[in-house]
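Atoms within a ligand are numbered from 1 in the order they appear, just like the ligands themselves. Along the sequence shown, residues carry numbers from 1. Nothing here was measured: the structure is a model prediction, and the numbers come from that model.
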Amino acid sequence: MATVAVQSFFSAPLQIPKITQFKIGICQLKVTTEKSANIFNAHSLIQAAAEQGASLILLPEMWNCPYSTDLFAKFAEDFSDIDSAPSLLMLSEVASSLGVTIIGGSIPEKDAGQLYNSCPVFGPDGELKAKHRKIHLFDMGKPLPGEVQFKESDNISAGEKPTVVDTDFGRIGIGICHDIRFPELAMSYRARGAHLICYPGAFNMSTGATLWELEQRTRQDDSVSAVDNQLYVASCSPSRDSAGSYMIWGHSTVVGPMGEIIATTGHEEAVLIAEIDYAAIQWTRESLPLESQKHNDIYQFVDLLRESPSS
Ligand SMILES: O=C(O)CCC(=O)C(=O)O
């Protein structure tokens with residue numbers, strides 16, 4: 001039987017970032033059908049978050065555009081030409097004028113005839129530091145009870161790589177909405193030494209009510225259990241009264257490394273501020289030293305079964 005190399009999911013040691021204690025601001029925006037109004041509103045809420053002391057700011061999935069696949073092309077911007085991309089230009093300017101780092105939710109990106117659901121990251125110098133393209137597109141097999149059909153891949157192409165970005169506020173892994181459903185992505189961020197995973201998202205009323213919080217508490221983990229969490233997770237949704245093809249759950253949230261909810265909100269437009277202290281990651285990992293307890297010799301068996309399902 002072939003042997004399979006099993007990667008340790010604790011491979012990268014945690015680096016100490018420049019800033020280990022800070023406030024994160026989560027802007028749960030109302031999204032309208034007017035792009036210029038969405039840009040103006042995002043600017044106002046980013047400013048409000050900074051005024052409340054936030055130095056890292058997170059926006060929702062598709063904040064410049066209603067969450068409707070048929071509108072993505074109309075609202076799309078070219079990330080290689082920021083001067084002619086009004087949403088990106090606003091983020092760049094407000095990041096540098098306020099001296100904040102912005103995990104810019106997502107907007108539709110156009111590139112070489114394709115559209116992507118992409119998250120831009122701007123540093124306090126206004127530079128685009130990273131871009132994450134949503135990897136797992138939200139294609140429903142059949143509508144959930146009470147929900148409309150949604151097939152993101154009709155208009156959007158999938159991203160092909162995970163994204164970690166080094167900022168003054170640590171190493172940040174990024175996933176967009178449905179990306180949260182796939183534990184392997186979060187595990188790979190953990191393996192790459194992430195302190196925080198940010199998920200801009202727009203869950204719907206069906207899966208939002210049952211899974212949105214659970215997924216965030218779970219995705220901190222190195223396994224698939226919701227119990228032993230060892231990094232920070234922050235999510236940001238549009239508000240429920242946003243325009244779009246389905247009703248949005250809302251409930252943007254920040255979760256700490258023990259799986260505890262640090263801050264959360266309802267479904268209305270809101271600026272949520274949460275205190276982050278990376279020392280909590282350290283003591284969680286010291287209290288629950290999963291790294292030294294891991295048994296890759298045993299889990300290798302699972303991988304072997306995957307390789308040879310009949311054995
Ligand atoms: O995974 C889900 O249940 C919802 C995902 C979603 O709404 C999205 O990816 O936009």
Student: Quick one: does any side-chain atom of S92 pair with a main-chain N or O of L88 as donor and acceptor, under 3.5 Å?
Tutor: no
Student: What I'd like to find out is whether the side chain of W63 reaches to under 4.5 Å of the side chain of S106, using heavy atoms alone.
Tutor: no
Student: Less than 4.5 Å apart, side chain to side chain, heavy atoms only: is that true for L59 and I103?
Tutor: no
Student: Check whether any side-chain heavy atom of F75 lies under 4.5 Å from a side-chain heavy atom of P66, and answer yes or no.
Tutor: yes
Student: Out of E61, M140, E152, H178, whose heavy atom sits nearest atom 1 (O) of ligand 1?
Tutor: H178
Student: Number the atoms of ligand 1 from 1 as they appear, then name those within less than 4.0 Å of a heavy atom of A202, with their elements.
Tutor: 7 (O)
Student: Mind listing the closest non-hydrogen atom pair of A234 and L196 along with its distance?
Tutor: N-CD1, 4.0 Å
Student: When you measure from the heavy atoms of Y246 to every atom of ligand 1, does any distance fall below 4.0 Å?
Tutor: yes
Student: Only heavy atoms of K134, strictly under 4.0 Å: list the atoms of ligand 1 that pass.
Tutor: 8 (C), 9 (O), 10 (O)
Student: Please determine whether any non-hydrogen atom of E215 lies less than 4.0 Å from an atom of ligand 1.
Tutor: no
Student: Report yes or no: does a heavy atom of Y67 sit under 4.0 Å from some atom of ligand 1?
Tutor: yes
Student: Can you confirm, on distance only, whether ligand 1 has an N/O atom lying under 3.5 Å from any N/O atom belonging to C177?
Tutor: no
Student: Near T207, which atoms of ligand 1 are under 4.0 Å from a heavy atom of that residue?
Tutor: 2 (C), 3 (O), 4 (C)
Student: Are any of the side-chain heavy atoms of Y116 and Q114 separated by less than 4.5 Å?
Tutor: yes
